[in-house]
Each structure stands twice: as C-alpha cells, then as structure tokens.
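Below: the structure, in structure tokens.
Note that the structure is a prediction, hence the values are computed from the model and not measured.
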Amino acid sequence: MLKEYRKTATIKAEQFDGSEEMIKKYGIIKEAFVIDGWGITDDYQYFIKTREGKLIVNIGDWIATGVEGKHWNIADEIFKKTYEEVEAK
C-alpha cells in the first residue's frame with residue numbers, strides 16, 4: 001500500500017553565489033567551461049562532491065547541509081517548493 005511521508009529533519013542551507021568564500025567553504029570544484037571546437041570561455045562550471053558523486057551546482061542553487069554534515073545542491077525552484085524557513089532557536 002502506498003503511503004505518504006514527510007521529512008522531519010531540518011537542514012541548514014544557503015544560496016550559492018559563486019563567491020570564492022563559498023567555493024572554499026563547501027569544497028566546490030570550479031572548472032573553466034569548454035565549448036566543443038571553440039576552446040575555453042570566460043564562464044565557469046561548478047561541481048559539488050556528494051555521496052552520489054560530483055554534481056553540477058549552478059549560481060542560485062541552494063547548498064544544503066544535513067544532520068550528518070553532508071552537503072548537496074538543490075535547484076532554486078525545487079528548494080522553494082520543498083522547504084520553508086524556520087525560526088532560529
């Protein structure tokens with residue numbers, strides 16, 4: 001029988017802005033963006049290491065920190081639909 005479940009754990013999250021501070025804080029990998037046949041551009045692609053492997057994180061995505069201290073990225077539109085801010089204790 002299919003049942004519905006709600007997450008009960010809270011997370012900490014901040015929106016990724018591409019700053020060097022956040023890159024260092026979360027161990028984000030910053031790589032030059034390469035366009036096939038055109039070479040390297042001035043744009044960068046960002047990756048965060050997760051349990052599932054190296055995932056792309058875009059500026060504007062949220063970086064979540066779970067109860068075990070692990071980090072993962074959440075697209076802005078998904079974050080806004082899934083999470084709501086709680087008052088600090």
Side-chain angles (χ1 to χ4, degrees):
M1 172 191 255
L2 184 63
K3 297 181 181 181
E4 289 186 19
Y5 294 89
R6 179 184 350 204
K7 292 181 180 181
T8 57
T10 58
I11 63 166
K12 295 193 182 297
E14 64 181 316
Q15 201 164 22
F16 181 58
D17 61 9
S19 68
E20 290 299 321
E21 178 184 344
M22 289 189 78
I23 289 170
K24 287 180 184 178
K25 181 177 182 178
Y26 295 106
I28 291 172
I29 301 162
K30 179 180 176 181
E31 295 180 358
F33 190 76
V34 177
I35 299 175
D36 289 340
W38 293 94
I40 298 173
T41 70
D42 290 336
D43 295 324
Y44 293 93
Q45 201 164 31
Y46 303 93
F47 299 91
I48 190 167
K49 295 177 189 175
T50 69
R51 290 181 187 179
E52 291 78 24
K54 189 170 92 170
L55 300 177
I56 294 174
V57 60
N58 299 301
I59 292 175
D61 287 355
W62 291 80
I63 299 176
T65 304
V67 293
E68 296 177 354
K70 301 293 182 189
H71 304 295
W72 69 95
N73 63 313
I74 305 169
D76 184 49
E77 58 276 1
I78 301 298
F79 185 85
K80 289 177 179 175
K81 289 178 185 177
T82 309
Y83 296 93
E84 64 182 30
E85 189 172 348
V86 295
E87 290 184 32
K89 293 180 180 180

Under 4.5 Å between side-chain heavy atoms, counting indirect links through other Ile/Leu/Val/Met/Phe/Trp/Tyr residues: same cluster for [X] and [Y] or not?
X: Val57; Y: Ile29; result: no
X: Ile74; Y: Ile59; result: no
X: Trp62; Y: Trp72; result: yes

- So do Ile23 and Tyr46 actually touch side chain to side chain, heavy atoms under 4.5 Å? yes

- Note on the structure: Only residue of Glu14, His71, Glu21 satisfying side chain to side chain donor-acceptor pair (under 3.5 Å) with Tyr26 is Glu14

Distance (rounded to the nearest 0.5 Å) between [X] [atom1] and [Y] [atom2]:
X: Ile56; Y: Phe47; atom1: CD1; atom2: CZ; result: 5.0 Å
X: Leu55; Y: Ile48; atom1: CG; atom2: CD1; result: 8.0 Å
X: Lys3; Y: Tyr5; atom1: NZ; atom2: OH; result: 5.0 Å
X: Glu20; Y: Ile28; atom1: CD; atom2: CD1; result: 10.0 Å

- Query: Taking Asn58 for the side chain and Ala75 for the main chain, is one N or O donor matched with an acceptor at less than 3.5 Å?
  - Reply: no

- Item | Considering all heavy atoms, the nearest Gly66-Ile11 contact | CA-CG2, 4.4 Å

Residues 79-86, side-chain donor-acceptor partners within the protein, below 3.5 Å, at least two apart:
from  : atom 1 : to    : atom 2 : distance (Å)
Lys80 : NZ     : Asp76 : OD2    : 3.1
Thr82 : OG1    : Ile78 : O      : 2.7
Tyr83 : OH     : Lys7  : NZ     : 3.4

- Query: Can you list every pair that meets salt bridge (charged side-chain N to carboxylate O under 4.0 Å, His left out) and has a residue in residues 47-61, with sequence neighbours left out?
  - Reply: Glu31-Lys54, Arg51-Glu68

